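Notes to accompany the following structure.
Residues: numbered from 1 along the sequence shown. Owing to the predicted nature of the structure, the values given are computational and were not obtained by experimental measurement.
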Amino acid sequence: MADTSSLEQLIQALRRLPGVGVKSAQRMAFHLLQHDRASMRVLAQALQEADARMRHCALCHTFTEAELCATCSDPRRDASQLCVVETPADQAAIERTAAYRGRYFVLMGKLSPLDGIGPRELGLGELFERACDGVVREVILATNFTAEGEATAHVIGEALRARGLSVTRLARGVPAGSELEYVDLGTIAHALVDRR
């Protein structure tokens with residue numbers, strides 16, 4: 001049993017990744033050990049360096065190695081627009097569109113009372129302070145269209161509107177290139193309500 005403790009630790013560590021179950025973790029561990037020790041060392045070093053160097057941007061909370069991320073330090077970005085997203089992955093998705101040139105606030109989660117995540121854990125006080133800095137004119141709520149994401153957008157939107165800010169929400173509807181018969185009913189219903 002002592003011979004497999006390192007293997008078991010590796011499997012358990014891989015299982016911590018989202019979407020990785022026992023079998024996938026075992027497959028990855030065996031592959032790395034049996035066929036790709038060099039990649040295992042590269043991965044280990046990359047994890048250690050990311051842990052040591054990465055931190056949250058002082059303004060938007062995304063990941064960066066510097067005090068401010070590249071987006072927040074770019075003077076060409078429109079500081080009057082602030083897009084609120086749940087995660088750095090959501091921010092990256094919006095950036096890939098090249099359609100938005102404003103700034104961001106990354107919540108690093110969503111409201112989830114059952115998980116003990118409330119306004120304080122999301123840093124909503126910091127968001128409200130930043131949004132009310134006199135520079136921001138529009139806050140774009142780009143949280144996910146899940147129950148928690150909708151609740152998060154609602155709470156933030158109501159609080160910011162009460163402070164006199166213009167608040168918008170990402171549009172939702174039928175994806176381009178899709179056929180109506182295959183689109184879920186909730187998406188069709190929202191598309192009808194939000195039609196233009």
Side-chain angles (χ1 to χ4, degrees), residues 18 50-176 184 186-196:
D51 182 47
R53 295 182 180 178
M54 298 304 291
R55 61 182 172 178
H56 294 286
C57 173
L59 280 179
C60 75
H61 298 150
T62 197
F63 294 121
T64 183
E65 288 187 23
E67 179 74 16
L68 295 179
C69 69
T71 302
C72 287
S73 59
D74 184 350
R76 296 170 297 176
R77 300 299 291 227
D78 183 356
S80 71
Q81 289 185 321
L82 185 65
C83 183
V84 179
V85 295
E86 290 180 20
T87 67
D90 296 336
Q91 177 188 5
I94 291 173
E95 282 296 290
R96 283 193 304 273
T97 70
Y100 177 69
R101 296 298 303 156
R103 301 251 169 105
Y104 292 93
F105 189 91
V106 182
L107 296 170
M108 291 296 181
K110 56 192 170 276
L111 293 175
S112 181
L114 294 177
D115 297 320
I117 301 172
R120 187 174 299 133
E121 289 74 22
L122 289 183
L124 294 190
E126 281 182 68
L127 168 60
F128 299 151
E129 187 177 311
R130 178 146 179 233
C132 297
D133 65 0
V135 176
V136 175
R137 300 280 178 253
E138 177 189 13
V139 176
I140 302 165
L141 300 175
T143 57
N144 293 310
F145 291 106
T146 61
E148 294 91 351
E150 291 284 357
T152 303
H154 177 75
V155 168
I156 293 170
E158 291 298 310
L160 291 175
R161 284 185 194 94
R163 289 168 169 81
L165 280 159
S166 170
V167 180
T168 58
R169 180 83 167 110
L170 283 187
R172 44 187 171 183
V174 180
D184 69 278
T187 299
I188 294 172
H190 283 296
L192 283 169
V193 171
D194 296 337
R195 70 188 180 278
R196 51 186 169 99

#### Entry: Verdict with reasoning, Arg163 to Val139, per side chain to side chain contact (heavy atoms under 4.5 Å, CB included)
CA-CA 12 Å; Arg163 289 168 169 81; Val139 176; over 6 Å; no
### Polar side-chain atom of Glu158 near backbone of Val155 as donor-acceptor pair, under 3.5 Å
no
### Message
Let's go through Glu148 and Glu86 carefully: what are the C-alpha distance in whole Å and the side-chain angles of both, what is the deciding distance for side chain to side chain contact (heavy atoms under 4.5 Å, CB included) to 0.1 Å, and is it a yes or a no?
### Response
CA-CA 10 Å; Glu148 294 91 351; Glu86 290 180 20; over 6 Å; no
### Task
Locate the shortest heavy-atom distance separating Lys110 from Thr146; write the atom from each residue and the value.
CD-OG1, 4.4 Å
### Query
Looking at side-chain heavy atoms only, is the closest gap between Val136 and Ser80 below 4.5 Å?
no
#### Entry: ring-ring contact (aromatic ring centres under 6.0 Å, His included) partners for Tyr100, two or more places apart
Tyr104
### Message
Within this structure, what is the CG-CD distance for the pair Asp90 and Glu95, rounded to the nearest 0.5 Å?
### Response
12.5 Å
### Message
Given Leu141, which partner from the list Ile156, Val85, Leu170, Leu82 fulfils the side chain to side chain contact (heavy atoms under 4.5 Å, CB included) test?
### Response
Ile156
### Query
Closest approach of Thr187 and Asp184, non-hydrogen atoms and distance?
OG1-OD1, 2.6 Å
### Query
Does a side-chain heavy-atom distance below 4.5 Å link Ile140 with Glu138?
yes
## Note on the structure
Scanning both residues in full, the closest heavy-atom pair of Leu160 with Ala131 reads CD2-CB, 3.8 Å
### Message
A side-chain contact here means heavy atoms from C-beta on lying under 4.5 Å apart; do Pro119 and Leu111 qualify?
### Response
yes
### Stepwise side chain to side chain contact (heavy atoms under 4.5 Å, CB included) check, Cys83 with Ile94
CA-CA 10 Å; Cys83 183; Ile94 291 173; 3.8 Å; yes
### Message
If I compare all heavy atoms of Cys57 with all of Cys69, which pair ends up nearest, and what's the gap?
### Response
SG-N, 3.3 Å
#### Entry: Glu150/Arg172 salt bridge by N-O under 4.0 Å criterion
yes
### Query
Under the side chain to side chain contact (heavy atoms under 4.5 Å, CB included) test, which residues partner His56, sequence neighbours left out?
Phe63, Met108
### Query
Are Arg130 and Phe105 in a cation-pi setup, meaning NZ or CZ lies under 6.0 angstrom from the ring centre and within 45 degrees of the ring axis?
no
### Exam field: side chain Arg137 to backbone Gly134, donor-acceptor pair closer than 3.5 Å
yes
### Message
Contact between Thr143 and Arg169 at the side-chain level, heavy atoms closer than 4.5 Å - yes or no?
### Response
yes
### Separation of Ser166 OG from Arg161 CZ (nearest 0.5 Å)
8.5 Å
### Message
As a test of understanding, state which of Leu127, Val106, Val167 forms a side chain to side chain contact (heavy atoms under 4.5 Å, CB included) with Val84.
### Response
Leu127
### Task
Give the minimum heavy-atom separation between Thr71 and Arg103, together with the two atoms involved.
O-NE, 3.8 Å
### Query
Just checking, any donor-acceptor pair under 3.5 angstrom between side chains of Gln91 and Thr62?
yes
### Message
Just so I know, are the side chains of Cys72 and Arg77 near enough to count as touching, which here means a heavy-atom distance under 4.5 Å?
### Response
no
### Task
Begin from the C-alpha positions of Gln81 and Arg101 and carry the test side chain to side chain contact (heavy atoms under 4.5 Å, CB included) through to its verdict.
CA-CA 8 Å; Gln81 289 185 321; Arg101 296 298 303 156; 5.9 Å; no
